[in-house]
Amino acid sequence: MKSKHHTLDVELFERWGSTYERSWMQQHLFDPVHSAVLHQAASRFKPASVLDIGCGSGRLLRKVHDYWPEARLSGVDPAHKMLEVARQLTPEARFSMGSGEALPLEDASVDLAFSTISFHHWRDQAAGVREVARVLRPGGSFLLADFTLPTWLAWLLPRVHSAAQMRMLFEQAGLDVQAQPGPVARFVRITIGTKIADD
Ligand SMILES: C[S@@+](CC[C@H](N)C(=O)[O-])C[C@H]1O[C@@H](n2cnc3c(N)ncnc32)[C@H](O)[C@@H]1O
């Protein structure tokens with residue numbers, strides 16, 4: 001039975017799940033992006049809880065465990081096959097079926113959230129960033145790494161944004177943008193936002 005998160009993009013990852021870890025793209029795209037987000041996070045944060053949204057096979061969370069062995073790790077993904085691989089390879093983390101737009105997590109329950117090369121698959125990206133802001137505790141941060149286009153090209157692909165558009169999505173969700181480092185692997189930029197603490 002198809003999950004309520006099912007889309008054509010998710011179908012692609014249901015098919016790719018069993019070979020995803022062996023893809024040539026790990027070395028050329030995903031691993032360099034993981035290293036870049038972890039480098040950015042390690043110099044800024046010491047989280048007790050970490051969430052990876054669109055976590056795929058759990059590869060980033062395994063590296064997160066090496067950085068912060070004490071942190072509570074969760075991964076969310078809408079593709080059942082990806083979650084199956086993630087659970088086999090990543091016993092350190094808890095995985096749940098879900099999407100960026102509907103995270104199966106409590107309000108203010110996460111210190112640090114990541115999402116790598118997943119955001120362009122989200123159907124309602126503004127709702128997704130608001131949802132991440134909901135689950136972050138005040139002062140918690142979100143590192144989102146995805147393909148980014150220059151402003152003059154960003155109109156071509158509706159779900160790929162310029163750095164300025166990413167900044168706006170974050171700010172509209174109540175996330176204060178700290179930095180937008182990159183590019184990594186030529187086309188990927190990281191947006192780092194922190195949930196504004198209540199007074
Ligand atoms: C290219 S993979 C990246 C996986 C992982 N983040 C990594 O860096 O290896 C994209 C992932 O996003 C997931 N995805 C697709 N639609 C999503 C959505 N609406 N919310 C969250 N994740 C989604 C896919 O199932 C897939 O596992």
Side-chain angles (χ1 to χ4, degrees), residues 2-41 50-67 73-90 92-105 110 112-136 142-148 157-161 169 173 182-191:
K2 290 180 177 180
S3 84
K4 64 179 176 176
H5 306 289
H6 197 92
T7 65
L8 282 179
D9 295 42
V10 176
E11 220 164 76
L12 165 77
F13 291 103
E14 293 292 9
R15 285 200 301 272
W16 196 6
S18 54
T19 56
Y20 181 76
E21 280 282 324
R22 298 195 298 276
S23 164
W24 63 271
M25 290 176 78
Q26 296 298 345
Q27 193 188 340
H28 295 285
L29 175 62
F30 301 119
D31 286 342
V33 169
H34 294 171
S35 298
V37 292
L38 287 168
H39 174 75
Q40 291 295 330
V50 177
L51 167 68
D52 185 11
I53 307 149
C55 62
S57 57
R59 197 174 177 94
L60 175 64
L61 284 172
R62 294 196 288 283
K63 299 168 189 167
V64 168
H65 180 66
D66 294 338
Y67 273 75
L73 309 183
S74 344
V76 170
D77 201 283
H80 177 265
K81 189 68 204 175
M82 287 296 216
L83 290 174
E84 196 179 295
V85 175
R87 287 187 179 113
Q88 271 168 17
L89 299 180
T90 325
E92 307 87 0
R94 283 189 61 172
F95 293 95
S96 318
M97 167 81 66
S99 65
E101 299 91 328
L103 292 170
L105 286 134
V110 171
L112 181 59
F114 290 99
S115 186
T116 53
I117 320 294
S118 172
F119 193 59
H120 61 282
H121 297 293
W122 299 13
R123 290 279 134 185
D124 187 343
Q125 294 171 312
V129 183
R130 283 198 300 275
E131 194 50 3
V132 179
R134 176 185 71 75
V135 303
L136 281 178
F142 182 28
L143 277 81
L144 190 161
D146 204 2
F147 301 114
T148 303
L157 299 169
R159 286 190 273 153
V160 177
H161 301 293
L169 279 171
V184 184
R186 296 189 68 182
F187 302 109
V188 175
R189 189 162 291 279
I190 304 167
T191 300

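In each ligand, atom 1 is the first atom listed, and ligand 1 is the first ligand listed. Because the structure is a prediction, the values reported are computed rather than measured. Starting from 1, each residue takes its place in the sequence as its number.
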Any donor and acceptor pair, going by atom type alone, linking the side chain of Ser115 with main-chain N or O of Ile53 inside 3.5 Å?
yes
Identify the closest protein heavy atom to atom 3 (C) of ligand 1: which residue and atom is it, and at what distance?
Tyr20 OH, 3.3 Å
Do Leu112 and Val64 have side chains that get closer than 4.5 Å, going by heavy atoms?
no
Judged by non-hydrogen atoms, does Glu14 sit under 4.0 Å from ligand 1?
no
Nearest to atom 19 (N) of ligand 1 by heavy atom, His121, Arg59, Glu101, Met82: which?
Glu101
Whether the side chain of Glu84 engages the backbone of Ala79 through a donor-acceptor N/O pair (distance < 3.5 Å, no angle test) should be reported.
no
Do Glu14 side-chain atoms and His80 backbone N/O form a donor-acceptor pair below 3.5 Å?
yes
Does Leu83 offer a backbone N or O that forms a donor-acceptor pair with the side chain of Asp77 under 3.5 Å?
no
Verify, without hydrogens or angle tests, whether Glu101 (side chain) and Arg123 (backbone) share a donor-acceptor contact under 3.5 angstrom.
yes
Please write down residue, atom name and distance for the protein heavy atom closest to atom 12 (O) of ligand 1.
Ser118 OG, 2.9 Å
Arg134 side chain to Leu103 main-chain N or O, any donor-acceptor pair under 3.5 Å?
yes
Considering non-hydrogen atoms of the protein only, which is the closest contact for atom 27 (O) of ligand 1, and what is the distance?
Asp77 OD2, 2.7 Å
For the residue pair Phe13 and His121, does the interplanar ring angle fall in the parallel (under 30°), tilted (30 to 60°) or perpendicular (over 60°) class?
perpendicular
Angle class for the Trp24/His28 ring planes (parallel below 30°, perpendicular above 60°, tilted otherwise)?
tilted
Can you list the ligand 1 atoms lying under 4.0 Å from a non-hydrogen atom of Cys55?
5 (C)
Any nitrogen or oxygen of His34, main chain or side chain, under 3.5 Å from a nitrogen or oxygen of ligand 1?
yes
Does ligand 1 have an atom under 4.0 Å from some heavy atom of Ile117?
yes
What protein heavy atom lies closest to atom 18 (C) of ligand 1? Include the residue and the distance to one decimal.
Trp122 CD1, 3.3 Å
Ser57 and ligand 1 - part of the residue with a heavy-atom distance under 4.0 Å
neither
for atom 5 (C) of ligand 1, nearest protein heavy atom and its distance come out as Gly54 O, 3.3 Å
Should the proximity of Phe13 to ligand 1, defined as any heavy atom under 4.0 Å, be assigned to the side chain, the backbone, both, or neither?
side chain
Contact atoms of ligand 1, heavy-atom distance to Gly56 under 4.0 Å
4 (C), 27 (O)
For atom 20 (N) of ligand 1, grab the closest protein heavy atom and report residue, atom and distance to one decimal in Å.
Gly100 N, 2.8 Å
With atoms numbered from 1 as shown, which atoms in ligand 1 lie under 4.0 angstrom from a non-hydrogen atom of Ala79?
25 (O)
Side chain of Thr148, backbone of Asp146: donor and acceptor closer than 3.5 Å?
yes
